[in-house]
Amino acid sequence: MKYPLYIAKRSVESTINNALLKLKYNCEIKIEIPPNELGDFAFPCFTLSSILKKSPNDIALEITKQIQKDKWIKKVEAKGGYINFYLDFELLKKSTFEVLFDNKVEYGTFEKKNKKVIVEHTSANPNGPLHVGRARNPIIGDTITRIFKAAGYNVESQFYLDDMGKQVAILAWGVNNLKEKDIPKYDYEKQDHKTVGYYQMASTLMKEKSEVSEEISKIVKLSEEGDKKILDMVHKAYNPVLEGIKESMKRINIEIDSYIPESNFVKNKSVDEVIEKLKKSDYCKDENGALFIDLEPFGIKGRNTKFFFLRSDGTTLYATRDIAYHIWKANQADILINVLGEDHKLESKQVEIALNLLNEKKIPKVIFYSFVSLPGGKMSTRQGRVVYLDDLIKECISQAYTEVKKRRKGELSEKEMKNIAEIVGIAALRFNIIKVQPEKDIVFKWEEALNFEGLSAPFIQYAHARTCGILSKTNFENKTFNSSYLTHDSEVKLIKTIAKFPLIIDEACESFRPHIITSYLFELASFFNQFYRDCPVISEENKDIRNARIGLVEATRTVLCNGLNLLGITAPKEM
RNA sequence: GGGCGUGUGGCCUAGCCUGGAUAAGGCACCGGCCUUCUAAGUCGGUAAUCGCGGGUUCGAAUCCCGCCACGUCCGCCA
């Protein structure tokens with residue numbers, strides 16, 4: 001492990017371990033990070049206290065006496081039942097800068113683990129543009145992908161393409177039977193928006209006219225049988241929509257590695273194997289020729305616990321094909337991650353139970369997110385209140401443009417302002433989604449999402465722009481840089497935060513919690529702003545201090561940039 | 001009816017998994033700071049029965065039980 005704070009942490013753990021051995025105390029060594037000014041690491045003695053029937057502080061004092069200091073540990077102090085460790089800051093500072101300037105864009109990342117991860121995300125029905133309710137999906141998925149890459153995994157992102165369900169069949173019928181004049185007007189010059197009208201209109205007709213409904217059912221049936229002509233027709237219908245979806249994602253810096261059509265698993269018969277194996281299961285039952293697994297013994301409760309995987313007409317269902325897809329994925333990766341809406345919880349559980357029955361060892365880790373809603377209540381197509389991801393993007397960029405213009409009109413060209421607005425607007429959007437844990441409901445309020453102050457992407461981007469502003473007026477030279485001149489309280493806090501970055505990536509990855517990155521970057525940017533206030537760089541007359549500060553600014557810029565990258569956010573040189 | 005998730009100052013969020021040092025931030029509001037590296041910044045202030053009620057514990061926002069509210073699911077849909 002190349003990162004100093006990790007080495008220091010291990011050193012603290014091992015010295016505690018030795019002290020406990022000497023005292024013949026036995027307990028798990030759990031290190032905490034204490035609140036302000038109480039040291040760099042802390043060891044709580046409360047657990048030992050209950051075992052040994054002594055006061056926590058007496059134990060802390062006793063252990064403290066046995067602590068062997070090493071080069072990392074400068075001071076040890078028992079206080080309030082904790083043992084607080086103060087690290088040798090000079091050493092931490094020097095070695096952190098060393099590893100940072102050696103690694104630069106790689107600072108914070110980990111060495112290759114030689115493990116493959118497949119992150120499945122978005123997987124939206126290609127029957128219309130992405131809508132805001134599911135806007136979290138691509139953003140969470142892409143951020144997870146980036147974090148796992150940084151953590152040293154070999155990551156592939158996948159979009160599971162539903163090319164044979166009822167939704168695309170409706171769309172295909174519409175595209176083939178309706179005229180452009182029959183469909184409602186569209187708001188965007190994008191393929192997905194131009195095409196969704198056919199789906200909406202066909203959907204209405206399907207409910208009104210039984211012959212339309214029958215024709216659509218025929219499309220579904222034929223595509224599930226793997227009819228190549230029908231699948232090709234459906235493909236032609238949804239492809240423009242998919243292109244539109246890709247375009248929207250690209251605009252918010254998301255590119256998915258592979259699109260895996262569901263029909264693959266019908267064509268290559270792997271779904272048939274799934275059925276054959278599930279049939280042999282003791283839990284498989286028959287109802288009028290349709291096959292299901294009763295999930296009640298597996299702890300599933302509700303009105304109906306039957307998981308149907310084969311229709312009485314012999315065709316498969318969505319979840320059945322999903323099982324085949326998961327088996328295929330499991331064969332080519334070590335870790336599977338899925339990002340799904342909370343409405344998929346049961347389906348996901350069904351797949352998991354089936355995978356277990358099929359003796360599949362690689363069970364996906366699923367990140368479920370709650371839907372984004374609007375203040376008025378639930379979003380519904382019928383009420384005509386659909387807000388698309390594209391609306392969100394447009395609004396964020398437009399608001400960002402207003403903000404840039406307010407500040408920089410006259411200084412920047414129109415083109416430059418537009419460019420910054422794009423970068424800032426998209427950043428605000430991604431950041432606002434990621435900063436909240438996926439399982440929390442989000443009620444999307446424009447005034448909050450478009451507030452570019454405080455805990456927001458522009459705050460962090462602005463700090464980055466400030467570092468670039470300083471660096472553009474100076475030169476950073478590694479050889480004239482001596483970190484021992486950095487002693488101001490604001491400098492110390494900033495450096496300690498920089499040293500923490502690799503631990504943050506590690507934690508975000510291990511716990512599948514990308515919002516840890518947003519909190520961290522906010523903290524880093526805040527400390528930089530305090531440094532900016534307290535420690536002049538360009539006007540600093542002492543040359544050694546000046547050079548050291550330039551180095552710190554460059555280091556901060558690196559970490560802010562690397563961190564924003566993890567979130568798929570561009571770090572602008574000016575704003 | 002049942003499963004799963006969420007409930008923290010006026011609003012939003014972190015902390016919950018792994019119980020401990022004064023419940024941490026942001027927005028809004030009030031009051032300071034631009035002749036000094038872009039004030040998208042910064043400093044200070046007001047503001048919280050951590051949904052409600054029990055329990056476990058030396059100690060509970062955190063663990064357990066019950067209740068309430070909201071979201072979501074319970075289809076031979078996807």
Side-chain angles (χ1 to χ4, degrees), chain A residues 28 30 32 34-35 38 42 44-47 49-50 55-56 79-82 84 123 125 127 162 164-168 220 262 287-292 295 299-306 308-313 315-319 321-322 341-347 349 368 370-371 373 378 400 403-404 406-408 411 424 435-443 445 447-448 451-463 465-467 469-474 511 513 515-516 518-519 522-523 525-526 528-530 532-540 549 553 574-575:
Chain A
E28 195 196 346
K30 210 182 69 192
E32 294 175 9
L38 287 168
C45 301
F46 302 97
T47 318
S49 164
S50 62
S55 90
K79 196 173 184 181
Y82 288 87
N84 295 326
S123 302
N125 263 318
N127 60 350
D162 179 11
M164 54 188 309
K166 197 164 191 173
Q167 312 303 320
V168 284
V220 174
E262 199 178 321
E287 188 174 289
N288 306 325
L291 299 182
F292 70 92
L295 299 181
I300 302 295
K301 287 166 187 151
R303 287 193 198 99
N304 182 1
T305 58
K306 292 171 185 170
F308 282 92
F309 62 91
L310 189 70
R311 291 196 187 94
S312 49
D313 68 1
T315 58
T316 58
L317 290 103
Y318 169 80
R321 301 185 295 261
D322 204 13
E342 61 177 336
D343 56 334
H344 271 65
K345 278 184 181 175
L346 180 60
E347 192 267 346
K349 195 75 193 163
F368 292 106
S370 298
F371 301 120
S373 61
K378 204 183 149 184
E403 297 290 325
V404 180
K406 199 159 79 189
R407 295 171 172 86
R408 306 299 300 274
E411 287 175 58
V424 171
K435 76 178 182 187
V436 181
Q437 301 186 6
E439 59 271 26
K440 289 233 189 191
D441 302 341
I442 295 185
V443 179
K445 294 177 188 143
E447 64 270 28
E448 277 169 24
N451 188 333
F452 291 173
E453 286 160 20
L455 183 49
S456 69
F459 177 91
I460 294 157
Q461 290 177 307
Y462 186 67
R466 279 179 153 179
T467 62
I470 295 170
L471 293 166
S472 71
K473 297 185 175 74
T474 54
S511 61
R513 289 186 297 174
H515 77 274
I516 291 174
T518 56
S519 312
F522 177 70
E523 190 184 70
S526 298
F528 175 73
N529 286 333
Q530 287 166 35
Y532 185 88
R533 177 197 65 206
D534 296 333
C535 306
V537 180
I538 294 166
S539 61
E540 175 56 50
R549 286 183 179 166
V553 173
E574 65 174 332
M575 281 170 71

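Since we're looking at a predicted model, the values are computed, not measured. By convention in this document, chain letters (A, B, ...) are assigned in the order of the sequence lines, proteins followed by strands, and residues within each chain are numbered from 1.
Panel note: side chain A:T316, backbone A:L310; no donor-acceptor pair is recorded below 3.5 Å. A:S526 contributes a side-chain N or O that, together with a main-chain N or O of A:F522, makes up a donor-acceptor pair within less than 3.5 Å. For A:R311 (side chain) and A:L317 (main-chain N/O), no donor-acceptor pair under 3.5 Å exists by modelled atom type.
Across all strands shown, A:V404 has heavy atoms under 4.0 Å from base atoms, whether or not it also approaches the sugar-phosphate. Backbone-only contact: A:G454 has heavy atoms under 4.0 Å from sugar-phosphate atoms and none from a base. Base contact: A:E342 has a heavy atom under 4.0 Å from a base atom. A:E32 comes within 4.0 angstrom of no nucleic acid atom, judged by non-hydrogen atoms across all strands. Among the heavy atoms of the strands lying under 4.0 Å from A:N288 is at least one base atom, whether or not backbone atoms are also near. No contact: A:E447 has no heavy atom under 4.0 Å from any strand. Residue A:P44 is out of contact with every strand shown, counting any heavy-atom pair closer than 4.0 Å. Across all strands shown, A:A319 has no heavy atoms under 4.0 Å from either base or sugar-phosphate atoms. Nucleic acid contact for A:C535: base, since at least one base atom lies under 4.0 Å from a heavy atom of the residue. Within the 4.0 angstrom heavy-atom criterion, base atoms lie near A:I470. Using a 4.0 Å heavy-atom criterion, one finds that A:A463 contacts no nucleic acid atom at all.
Atoms CZ (A:F452) and P (B:G26) sit 19 Å apart, rounded to a whole Å. Spacing between atom CG of A:L455 and atom P of B:A40 amounts to 18 Å, rounded to whole angstrom units. Distance, A:R549 CZ to B:U36 C1': 14 Å, rounded to whole Å. Between the P atom of B:C76 and the CZ atom of A:F292 lies a distance of 10 Å, rounded to the nearest Å. Separating the CD atom of A:Q461 from the C1' atom of B:G41 is a distance of 15 Å, rounded to the nearest angstrom. Protein atom CD of A:E347 is 18 Å distant from nucleotide atom P of B:C4, rounded to whole Å. Atoms NZ (A:K406) and P (B:A39) sit 15 Å apart, rounded to a whole Å. Taking atom CZ of A:R533 as the reference point, atom P of B:C33 lies 16 Å away to the nearest angstrom.
If you check distances only, the side chain of A:N451 never reaches the base of B:A40 with a donor-acceptor pair under 3.5 Å. Below the 3.5 angstrom threshold, one finds no donor paired with an acceptor across the side chain of A:R311 and the base of B:C76. Side-chain atoms of A:S312 and base atoms of B:C76 include a donor and an acceptor less than 3.5 Å apart. A donor and an acceptor atom never sit less than 3.5 Å apart when one is taken from the side chain of A:R303 and the other from the base of B:G2.
The separation of B:G1 from B:U18, taken at their P atoms, amounts to 33 Å, rounded to a whole angstrom. Separation of the C1' atoms belonging to B:G25 and B:A69 is 26 Å when rounded to the nearest angstrom. For B:A48 and B:G10, the C1' atoms lie 11 Å apart once the distance is rounded to whole Å. Between B:C63 and B:U8, the distance separating the two P atoms is 16 Å to the nearest Å. B:G71 and B:G15 are spaced 24 Å apart, taking the P atom of each and rounding to whole Å. Separating the P atom of B:G54 from that of B:A47 is a span of 27 Å, rounded to the nearest Å. Rounded to a whole angstrom, the distance from the P atom of B:C74 to that of B:A40 is 49 Å. Taking atom P in both B:A23 and B:U62, the straight-line distance is 15 Å, to the nearest Å.
Annotation for A:P44 and A:E32: closest pair CG-OE2, 3.4 Å, computed over non-hydrogen atoms. Smallest separation of non-hydrogen atoms from A:P56 and A:C45: O-CB, 3.7 Å.
Closest contact between the side chain of A:L38 and the listed nucleotides B:A21, B:U6, B:G2 involves B:A21. Comparing B:U38, B:U13, B:G15 by their closest approach to the side chain of A:K440 singles out B:U13. Residue A:N84 has its side chain nearest to B:A21 when only B:C37, B:G15, B:A21 are considered. Distances from the side chain of A:D343 to the nucleotides B:A40, B:U72, B:G15 place B:U72 closest. Of the candidates B:C76, B:A14, B:C43, the closest approach to any side-chain atom of A:N304 belongs to B:C76. With B:C12, B:C76, B:A14 as the choices, the nucleotide that has an atom nearest any side-chain atom of A:F308 turns out to be B:C76. With distances taken from any side-chain atom of A:L317 to the nucleotides B:C76, B:C12, B:U42, the minimum falls on B:C76. Among B:C43, B:A39, B:C77, the nucleotide with an atom closest to any side-chain atom of A:K166 is B:C77. Taking every side-chain heavy atom of A:Q530 into account, B:U42 is the closest of B:U42, B:A28, B:G26. Of all nucleotides listed (B:U42, B:G20, B:U38), B:G20 comes nearest to the side chain of A:F46.
Taking 90° from 0 as the syn/anti boundary, the base of B:C34 is oriented syn.
No aromatic stack links A:F371 and the base of B:G71, using centre distance under 5.5 Å and interplanar angle under 30°.
Ring geometry, A:H344 versus A:Y318: the interplanar angle exceeds 60°, so the pair is classed perpendicular (tilted spans 30 to 60°).
Under the side-chain hydrogen bond (donor to acceptor under 3.5 Å, both in side chains) criterion, A:Q461 pairs with no residue at all, not counting sequence neighbours.
Taking a 6.0 Å sphere around NZ of A:K435, one finds it holds more than 12 heavy atoms contributed by other residues, nucleotides or ligands.
In terms of phosphate contacts, A:Y462 brings a side-chain nitrogen or oxygen within less than 4.0 Å of OP1 or OP2 of B:A39. Dashed line: the shortest gap from a side-chain N or O of A:R407 to OP1 or OP2 of B:U38 is not under 4.0 Å. Between A:N529 and B:U42, a side-chain N or O to OP1/OP2 separation shorter than 4.0 Å is present. Considering only side-chain N and O atoms, A:Y318 lies nowhere under 4.0 angstrom from the phosphate OP1 or OP2 of B:C76. In this structure, A:H515 does not reach the B:C12 phosphate: none of its side-chain N or O atoms is under 4.0 Å from OP1 or OP2. Side-chain nitrogen and oxygen atoms of A:K473 include at least one within less than 4.0 Å of the OP1 or OP2 phosphate oxygen of B:U38.
In this structure, B:G44 forms a base pair with B:C30, meeting either the Watson-Crick or the G-U wobble geometry with both donor-acceptor distances under 3.5 Å. Nucleotide B:G20 is matched to B:C58 when pairs are restricted to Watson-Crick or G-U wobble geometry with both distances under 3.5 angstrom. In a base pair of the Watson-Crick type (N1 to N3 plus N6-O4 or O6-N4) or a G-U wobble (N1-O2 and O6-N3), with each distance short of 3.5 Å, B:C4 is matched with B:G71.
Judged by closest nucleotide on RNA chain B, A:S511 is the one of A:T305 and A:S511 placed further toward the 5' end.
Counting heavy atoms from C-beta outward, A:V537 and A:E540 have side chains that stay 4.5 Å or more apart.
Under the 6.0 Å distance and 45° angle rule, A:R466 counts as a cation-pi partner of A:Y532.
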